[in-house]
Amino acid sequence: MMWTYAQRQRLALEHQILLNEGFSQFIVYHQAAYDSYYASGLATSNSGREYSLWIPIPSGFPTERPPLYILNPHPLLMADGRTISSLGVSHSMHTLEPHASGYVQICHWRSARWHAGIVLQKVFLKAHIWIEAYEQHLATGRDLADFVRTMAEVV
Amino acid sequence: MTTNPVQSQMIKEAMQAIAERKPGRSKLVYDKTKRTIVAVAEGSNAPQALNITADDADMFSVVTLSAEWLRDRWPELKKAGLLPVTFSSWDGGDALTHSELCVHPSPTIVEGSILLGQQPADKRSDFAILLKPIDGHAFKPDVFASPDGGTYRAQVLLPAGQSTSPPEVEFVDVEPQLALRRAGILETTILKDKTVVCIGLGTGGAFIAVELAKCGIGNFVLVDRDRLSVGNVVRHPGGISQVGRSKVNVLRDLILDKNPKASIEIHAIEVGFDKRDVIAGLVQRADIVICGTDNRQSKLLINELCVEANVTAIYGGAFRRAYGGQVLRVRPKHSPCQQCFVSAMPEEAADVEVSSAFDAGEIAYSDRPVAVEPGLSLDVLPISNLQAKLALLELLADKSSTLNALRRDFDAPWYLWLNRPEPGTQYATLPPLSESSDEMTINRWYGIYFDRDEACPVCGDFIAGLAASYGFDPALLPALPDKE
């Protein structure tokens, strides 16, 4: 696909915002060979566990919602030992359709709520909240949704 | 209207005789002693009093024939003396409509012919319409003015052995007769050259498309991936007989039934980012875009494409369970766009009706299904009606039109309509309509003004705004790191 000048400029700006807002562990990359873009980096939870996050930038960005996948740990397990991706689109775990390779897609904004005014920094921020809630789920066995109910107010 | 078959036949025969100005077996006369019209039948001893009403004038069946078609085929008819013709037969033969006029033909087709000149000596075995030359010009429904200046009265010749009264013939000129009802209010000569792209043909979008066709819009581009389902029929203009058909095809036929000269292009595709280039191409050809989709991503995609192409778009949608609805008119760079709207009023923008299984699936989770909501057609149509009216105002913007008087009334970018004080909403305690003069109530349009976002990601300069707030110079942003 051909990226517009506005899209390329927006992605450059997204990169700068991540760097300037204390999210420098996340970087927006350009894959010259395919002329594609993605944002990725490591998120570290309060317990010190690392999660590798990956946002492939869709061709309709920023109007089109970008998905956010957790590449590692993989597979990502629930407290009862099942894989989260086996749930598919789950309200209790705040996930959307998993990647074809089985990576969990977290629900940061649903398509019905996404718009072009939301920046990637906020998406990564929501991923951080999801990760903390996930670790609470592992510790207690309660639904992840119980811990992210106020996510909207937090962000 | 009389239900007595004997009386009915006498009235028919008498009326036929009057119409043909020749004596018949029955005639109608005024009986001074009985102070009523009576029918006098040949061979009858006494005149029979009849209760004749205006409805009796409609007791003849009618044959409707396209005058335009006949003018086009006139040289052929003059040469051969006969033209084959077919009709859709309705209501047991009460109405025969020329097939040329029928977008949806009747299951019963009657074949016949048009004859020019004198009645043939032999009795025909099929239904025929005889065109007999007459003197002068008679502006009557059964008189046809030929392209070469002749005038002909049409008379139905029934097949041999058929004894019922022959039906009346009516020539119709569709275009002028349709235009006559709009002339003076709408500039149909302008509208017939306009192109409307209708994206999303659910209840609202379909209603708007048909209304615009009635107004004489000449060119339509219809976009919808859905097929008509039984559940749609309770609200959609399409009916049970069209269940299973693509909505674009259903609408094409509905439009042609109202505006036979309309040019219609159909695209049975989903409005998604993977079809961005196709939809962008359609939008660029539009004079106006009507957005009838009800999910945010498609609205925002259409918004982006319309702003890019500088094409005005009208968005409309019902709130949940159609308790009300809203209309947004976007004039790119001059009024707030859909993106400005969702940024400024996220809750209002998110209040949408879940009117299809697809839309329900879009917001459902596997462990939290979402049902398709009930909603009445009656509650959706006021919203569509305003969308159609705003579209007309835009299309006639700089032209002289009676509708232009409405421009001062409809100058807001956003309109709100409430069908009922829905419990659980901020409108639950609205005062009754009869008790309010200036408070918000049901069944009124509210035009709401809000400003365009100068830093809107779609119609403004988002990057400059954001860069400034972070202290960057957007012209000096470093290149992104490359990855193999």
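The structure displayed is predicted, hence computed values, not measured ones. Just so we're on the same page: letters track the sequence lines, and every chain starts at 1. Side-chain atoms are counted along with the backbone in the values below, which use heavy atoms only and exclude waters and symmetry mates.
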For A:Thr95, which atoms come within 4.5 Å of any heavy atom of chain B: side chain, backbone, both, or neither? backbone
B:Phe472 and B:Tyr470 aromatic ring geometry - parallel, tilted or perpendicular at 30°/60° bounds: parallel
Give, as side chain, backbone, both or neither, the part of A:Ala33 having an atom under 4.5 angstrom from any heavy atom of chain B. neither
Identify which part of A:Ile118 has an atom lying under 4.5 Å from any heavy atom of chain B, answering side chain, backbone, both or neither. neither
From the list A:Gln31, A:Met93, A:Arg65, A:Gln16, the residue making the most non-hydrogen contacts under 4.5 Å with chain B is A:Gln16
Carboxylate-amine/guanidinium contact B:Arg235 B:Asp379, below 4.0 Å: no
Under the side chain to side chain contact (heavy atoms under 4.5 Å, CB included) rule, what do A:Trp109 and A:Val123 come out as? Steps first, then yes or no, please. CA-CA 8 Å; A:Trp109 269 274; A:Val123 176; 4.2 Å; yes
Give the ring-plane orientation class for A:Phe23 versus A:His128, where under 30° counts as parallel, over 60° as perpendicular and anything between as tilted. perpendicular
Give, as side chain, backbone, both or neither, the part of B:Asn295 having an atom under 4.5 angstrom from any heavy atom of chain A. neither
Cation-pi between B:Lys483 and A:Tyr29: NZ/CZ under 6.0 Å from ring centre and within 45° of the ring axis? yes
What part of A:Arg10 lies closer than 4.5 angstrom to a heavy atom of chain B: side chain, backbone, both or neither? both
Check each atom of B:Leu300 against the heavy atoms of chain A and say whether the ones under 4.5 Å are side chain, backbone, both or neither. both
The interface call for A:Ile27 against chain B, heavy-atom contacts under 4.5 Å, is side chain
Can you tell me if B:Tyr449 has over 12 outside heavy atoms packed within less than 6.0 Å of its OH? yes
